[in-house]
Amino acid sequence: MDKTSGDEAKQISNSTDKVRLIRFFREGTVLNLDQLSGVGKERQRLLSKLQIGNVEDLLMHRPKRYEDRRQFWTPGKSPQATPQQVLVQGRIMACNLKRIPRSRKSVFEMLVETPAGLVRCRWWNAPYLKKKYHKAELIMVFGRLVQMNPVTLEHPETEKVDSAEDNSLHMNRIVPIYPLTDGLKQRALRELIWKALHQLSSCLQDFPKLEIPGIPGMNTVEALLAIHFPDELPDALKARQYLAFQEFLVLQLDFARRRAALHSRSSLSHEKITGKLCRRLIGGLSFVLTPSQQKVLDEIKGDIKSTVPMRRLLQGDVGSGKTVVSAGAICDVIESGYNVVLMAPTEILALQHFRTFSQWFTPLGIDVRLYTAQSKSTEFFEKSNLVVGTHALFEAGFQIDRLGLVIIDEQHRFGVGQRERLLRKGKSPHLLIMTATPIPRTLGLTLYGDLDLSRIEGQPSGRGRIRTFIRSSSRLPRIIAFVKTELEKGRQAYFVFPRIDQEDAVSGLKAVEFHLDPIRSELEPHRVELLHGALSSEDSESVIDEFRAGGIKVLLSTTVVEVGVDVPNASIMLIHNGEQFGLAQLHQLRGRIGRGVHDSVCIVVTDKRTSNVMERLQAFSETTDGFKLADLDMKMRGAGEFLGQKQSGLPSFIFGDLVEDADIVLMARKASLQLLRNG
Ligand code: ADP
Ligand code: MG
C-alpha cells in the first residue's frame, strides 16, 4: 500500500467537504482570525471548536435562530398570553444578593420599574453581579418570563441604556443566536462577527450582485450582513437563499470546470470496435435485454466510441439488470484492445461479479481475474482483460496497462476521492458508475453533477410479485411455518439480523449467531448457514456459492447481503429488528428477492412500534418504487443522514439545504453552465 494514499484521500475529501464561499471573496486569500482585534490564542482555541479557523469561517457561522428584541413588552397585549421571552426597559429600583444558608448557593435579585410594571430579575449563583448593577441606572432587560405574579425574568440579558448611543448589537433589534461552545458567550461571538463584518467588508473583494429569480439581487457582503443582523426576519430568509445559491454555484462551477477540463483524449483504438463481441455475449444470454437496458447500453457504447472520456452514472433500481449492461460495454472496450477494471463495495459482491463475468466471458476467450484484500500480487494484471475487485484495487500501488474503462458498482459506497484515484491508474480511461440507490434529483446533481445520467426504467418482465408485511415477533412461529412450506416448494430465504454475536436484551437487538441452532432445528432437514462480516473470505465465498447453487436453503445473515447479491431463486426476505434499518437499506434488502419468476415475500419483524418506525415501515410496505422511497427517506432524515456516512462524498452546506432547496440547486446548475459558456 502506498504511503501517500491516506493523505491524498483526505485532501480530496477536505476540498469537497465544506463548500467555501471564500472563492467569492478573493481567490486563494485566507484571512486569519488574529487580524481581528480582540482575538487572542484562547479565543482562537475556542473558535476552532466551532470549526472556525479563519475569518471566512466566522462570517459563515450561521445563526441557529433569531430573537426579535424590538418590541417592549406590554402585559396582556402580546399575541401569546404569556410570551416566553420579553423585552422591558426601566430604572433599577433595588438590588439584593441573598446567600442561601448552609449551602454555597446564592441568588441575586434586581427590581426594575418599567412601563409594564415592576419586573423582578433573578440570577442564581452569580454574586459578582452585585458590582455590575446600581440603583437608578436605566437598563434594558431581555429574558425568559418564568412567573407572572410578580413578573419575574430569570437569567436575563441586560444592557445599560447609554443615552449617547443606542445602536446596540444585543437589544432593540433582531438578534442572532449562534451555536456556541463552552467558554464562549453569545454576546462575545456576536460582537466578534459584527466586528468581522465591518472591519473586513472593505477587504472583501467587490462581488457583483447576482440576479437570481425570486431572490433579490444582493452581493455577498450584503447577504452576510442580512443573515447575521437582519433588519426584518424575511431579509434573513432571503439572504439564506442567496448564500445557499452561492454554495450550490461554487460546487456546480467545479463540476462544470471538471467536465470542461476533460479534453484529454480517450486513447482507445476505436476503429477496432466492431460490436461483434458484444453481439456474441448478448446472443448467448438466456434472456433478451429490455428496451430500456438496450437504450442505456447504446448510450454507453456511444460514449466509448467518443474521444472524450465517458463520465456516466447508470441508475437502475435493484434487480433492474445493470450488470449485463456493463458487460456489453466491457466487450467494446476489450475489442478495442484495452482492459477493464470493475470495483465493487464488498467482497461478496466482487466475488459474485467475478463468477458472473467468468461465466459470460471465459467462453469468449476473455481473461477475468479477481482482486481483493487477500490477493497478494498484481502481476497477473498484465495478462487480464477484466479485473474485478474491491476497494483493495485502489489501495494497491500499481498501474494498469492499457486501462480503457473503470466501472464502479454501487457508487454510493465510494467517495469522489476514491473514484478519482482509480481513474489515475490509467490514462484518461472511461468511467461508468452504477448505483441502485435511487437518488432524488437535487442530491444527484450535487453528488454527481459532473456525470451524464442513464437510467434503466422498470424491471425485466416475467418477474414474480413482491409482497411486504410488517409483523411482530409473536408471529414468528407462523412465519417460520410459512417459510418451511416455501422451502418445500424449492425456494430459498434470507433471514437478516442487525448483529453478529452481541445480543442486546435492553434494545431487543438480535444477533445472528444466537439463532442458528434453533432455526436449524425448526427448519430441518433444510440446510441453514451463517454469513456475516466476521467470516473469513474463503468461508463466506463457499457459503455464498452454495447458496447460489441451491444447496444451502436459508442464509442467516447480517446486512452483508445488502447490496448487489443476486440469487434469483431466493423468494423470502425476513428482516429482524426492522426498526433498526432506514428506508434505503430496507429497500436494498428487499431487492435481494423478486429477482426470479417466483412470487416473493418480504417480512419485516419489529416490536418497536413507535410512530416514527411505523411511518417508515408503512411507507415501505406500500411501495416497491425505489425513487418514491428515496424521496420520502430524504425528507424524513435529511440529505446527510439519507446517504449515511461521510464517505458518501456529499459536501456539507452551511446555508444550503438539499431537501428544501431543490429549485435553487437547479438554478445554480443552470447559472454555472451559463457562466462557463460566457467565460
Ligand atoms: P442490479 O441492477 O440490481 O445490479 P443485476 O444486474 O444483478 O441487477 O440483475 C438481476 C438479475 O436479472 C440477474 O440475475 C440478471 O441475470 C437478470 N437479468 C438482467 N437482465 C435481464 C433481462 N433483460 N431479462 C431477464 N433477466 C434479466
Ligand atoms: Mg448490481
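Indexing begins at 1, ligand by ligand and atom by atom, following the structure's order. All residue numbers in this chain count up from 1 along the given sequence.
- Using a distance-only test at 3.5 Å, with no hydrogens or angles considered, no donor-acceptor pair links the side chain of R491 to the main chain of I572.
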Does ligand 1 have any N/O pairs with the protein under 3.5 Å, and how far apart?
unit_1   : atom_1 : unit_2 : atom_2 : d
ligand 1 : 2 (O)  : S320   : N      : 3.4
ligand 1 : 2 (O)  : G321   : N      : 3.0
ligand 1 : 2 (O)  : K322   : N      : 3.0
ligand 1 : 2 (O)  : K322   : NZ     : 2.7
ligand 1 : 3 (O)  : G319   : N      : 2.7
ligand 1 : 3 (O)  : R595   : NH2    : 3.3
ligand 1 : 6 (O)  : K322   : N      : 3.2
ligand 1 : 6 (O)  : T323   : N      : 2.9
ligand 1 : 6 (O)  : T323   : OG1    : 2.6
ligand 1 : 7 (O)  : R595   : NH2    : 2.9
ligand 1 : 8 (O)  : G321   : N      : 3.3
ligand 1 : 8 (O)  : R595   : NH2    : 3.3
ligand 1 : 12 (O) : R463   : NH2    : 2.6
ligand 1 : 14 (O) : D566   : OD1    : 3.4
ligand 1 : 14 (O) : D566   : OD2    : 2.6
ligand 1 : 20 (N) : Q293   : NE2    : 2.9
ligand 1 : 23 (N) : V288   : O      : 2.8
ligand 1 : 23 (N) : Q293   : OE1    : 2.8

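- For residues 278-295, the pairs satisfying salt bridge (Lys or Arg N to Asp or Glu O under 4.0 Å) are K295-E299, with sequence neighbours left out.
- Between H526 and the options R520, K484, E488, Q492, a side-chain hydrogen bond (donor to acceptor under 3.5 Å, both in side chains) holds for only E488.
- R548 contributes no side-chain N or O that, together with a main-chain N or O of Q352, makes up a donor-acceptor pair within less than 3.5 Å.
- The environment of K628 atom NZ is sparse: at most 12 non-hydrogen atoms of other residues, nucleotides or ligands sit within 6.0 angstrom.
- In this structure a side-chain-to-backbone donor-acceptor pair under 3.5 Å is present from N577 to K510.
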